[in-house]
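Residue numbers start from 1 in every chain, and the chains themselves are labelled A, B, ... in the order their sequence lines are given, proteins ahead of strands. From a predicted model like this one, the values you see are computed outputs, not experimental measurements.
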Protein chains: 2
Amino acid sequence: MEDLNGTAYVVLGMLGLGARTGYDVKNIVDKSARFFWAASYGQIYPELRRLEQAGLVEGRSAPSGGRKRREFQLTEKGREELLGWLAQPAQMPELRDESLLKLFFSDALPREQALEQLRARREGHEEFLAFLRMVQAEPGGEDPPFVDLILRYGIAYAEFNVEWCKREEKRLSRKAAA
Amino acid sequence: MEDLNGTAYVVLGMLGLGARTGYDVKNIVDKSARFFWAASYGQIYPELRRLEQAGLVEGRSAPSGGRKRREFQLTEKGREELLGWLAQPAQMPELRDESLLKLFFSDALPREQALEQLRARREGHEEFLAFLRMVQAEPGGEDPPFVDLILRYGIAYAEFNVEWCKREEKRLSRKAAA
DNA sequence: TAGTGCATGTAATGCGTTACATGATTTC
DNA sequence: GAAATCATGTAACGCATTACATGCACTA
């Protein structure tokens, strides 16, 4: 087992799911994983090289017309690394949620502005929910079961947040009125 | 308005909530905000200096016995900065959840191991839930309303995750049996 | 022919953790 | 007298974003 960072496993995993180029990896991440794990070109391309040097992926030039292009695929070693990582339990995530931070400090704010923070959080999650429902409704090949599972998680998570905000908005308005 | 990072506002906010030293800030963060926004000494102390230079906090030496100690408090400018920041809407957070990432790639795994990932996620959130309930049950001064709101959010969030995992564990076991 | 998409990459900068280093005071 | 707690800080490293730079191919 190598000592790899999370981004390395995103790349390995996406190659496993059919991505061929760095560009592919980025697009698939943006379409399906961005909400729980983002990745930028500035990480992906250097990471592909490191993985190649470590023998976990194999790259070869595969130009399309006169356009430069590198295709990658998992090596046997790379597949093992991915499976080994998948088999280990994950760390609990450290959230970094600015909106919760603002709410946490909102005792310093007039009630109406604090309520506004709650509303803004709700609206953010409502938009997010709409986006995920759109993705879900898109035609095209069925997703693999666990890819679909995570999409449904995203939807459930957004719904939870919307409902929670609504509940607390009501509670707060009631209190303010009392 | 200065151009400050999130950690700066954590520090300002915690001083507003009664923290006096960098050490205080760290402890309060660990007790009440770590689950949605962590901060380490390596950020806090340099940040306090920057804030002092920017005139947002005021520090003075306040040794207790022969022990070196610096107390800080918000300046008027610092309080305004904090309030200004609180009044603006927050960005949607970018999650970075390794456990969701592993589930996302779990189609590559034998079903039983994938189920194990779900169970591990559930157990993580169960522990987290137990921890938050303990914090909630602790005696001691009542928390300000919004501090309490966020504690209740944490609990609701953990409960949501536990329930979601249970539901999906069942669904998956059913499928495997079919 | 202009715009969009495909494709690859680097450099600067900033954010954050970890490990290290030090030392006084209080409590058992 | 040992251990825990209070308290402050730095240095090295790693991770990630952003902005920049380049250029081909297809389509409207």
Original post:
Does NZ or CZ of A:R70 fall inside the cone over A:Y45's six-membered ring, less than 6.0 Å from its centre and within 45° of the axis?
Top reply: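 No, A:R70 does not sit over the ring of A:Y45.
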Original post:
Checking B:R69 against B:Y23: charged group under 6.0 Å from the ring centre and within 45 degrees of the axis?
Top reply: no
Original post:
Checking all strands, does B:S40 fall into the base, sugar-phosphate, or nothing category for heavy-atom contacts under 4.0 angstrom?
Top reply: base
Original post:
What nucleic acid atoms does B:R20 come within less than 4.0 Å of, heavy atoms only: base, sugar-phosphate, or nothing?
Top reply: nothing
Original post:
Hey, which of these two, A:G66 or A:N5, hits DNA chain D nearer its 5' end, going by closest nucleotide?
Top reply: A:N5
Original post:
Hey, which of these two, B:R70 or A:G65, hits DNA chain D nearer its 5' end, going by closest nucleotide?
Top reply: B:R70
In this structure, how many angstroms lie between the [atom2] atom of [N] and the [atom1] atom of [X], rounded?
X: B:L101; N: D:dC15; atom1: CG; atom2: P; result: 15 Å
X: B:E71; N: D:dA7; atom1: CD; atom2: P; result: 9 Å
X: B:E98; N: D:dC15; atom1: CD; atom2: P; result: 13 Å
X: A:Y23; N: D:dA25; atom1: OH; atom2: P; result: 15 Å
X: A:Y41; N: C:dA7; atom1: OH; atom2: P; result: 10 Å
X: A:Y45; N: C:dA11; atom1: OH; atom2: C1'; result: 17 Å
X: A:K26; N: C:dG5; atom1: NZ; atom2: P; result: 15 Å
X: B:D24; N: D:dT5; atom1: CG; atom2: P; result: 15 Å

Which nucleotide in the list [options] gets nearest to the side chain of [X]?
X: A:R67; options: D:dG9, D:dA7, D:dC24; value: D:dC24
X: A:R49; options: D:dA16, D:dT5, C:dG9; value: C:dG9
X: A:R69; options: D:dT17, D:dA16, C:dT8; value: C:dT8
X: A:Q43; options: C:dT17, C:dT25, D:dA16; value: D:dA16

Side-chain N,O ([X]) to OP1/OP2 ([N]) below 4.0 Å:
X: B:R96; N: D:dA16; value: yes
X: A:T21; N: C:dT8; value: yes
X: A:T7; N: D:dC15; value: no

Original post:
Does a side-chain heavy-atom distance below 4.5 Å link A:Y41 with A:V25?
Top reply: no
Subject >> Side chain proximity check, A:H125 to B:M92, heavy atoms < 4.5 angstrom >> reply: yes
**OP:** Please confirm whether A:F36 and B:F104 have ring centers closer than 6.0 angstrom.
**Re:** yes
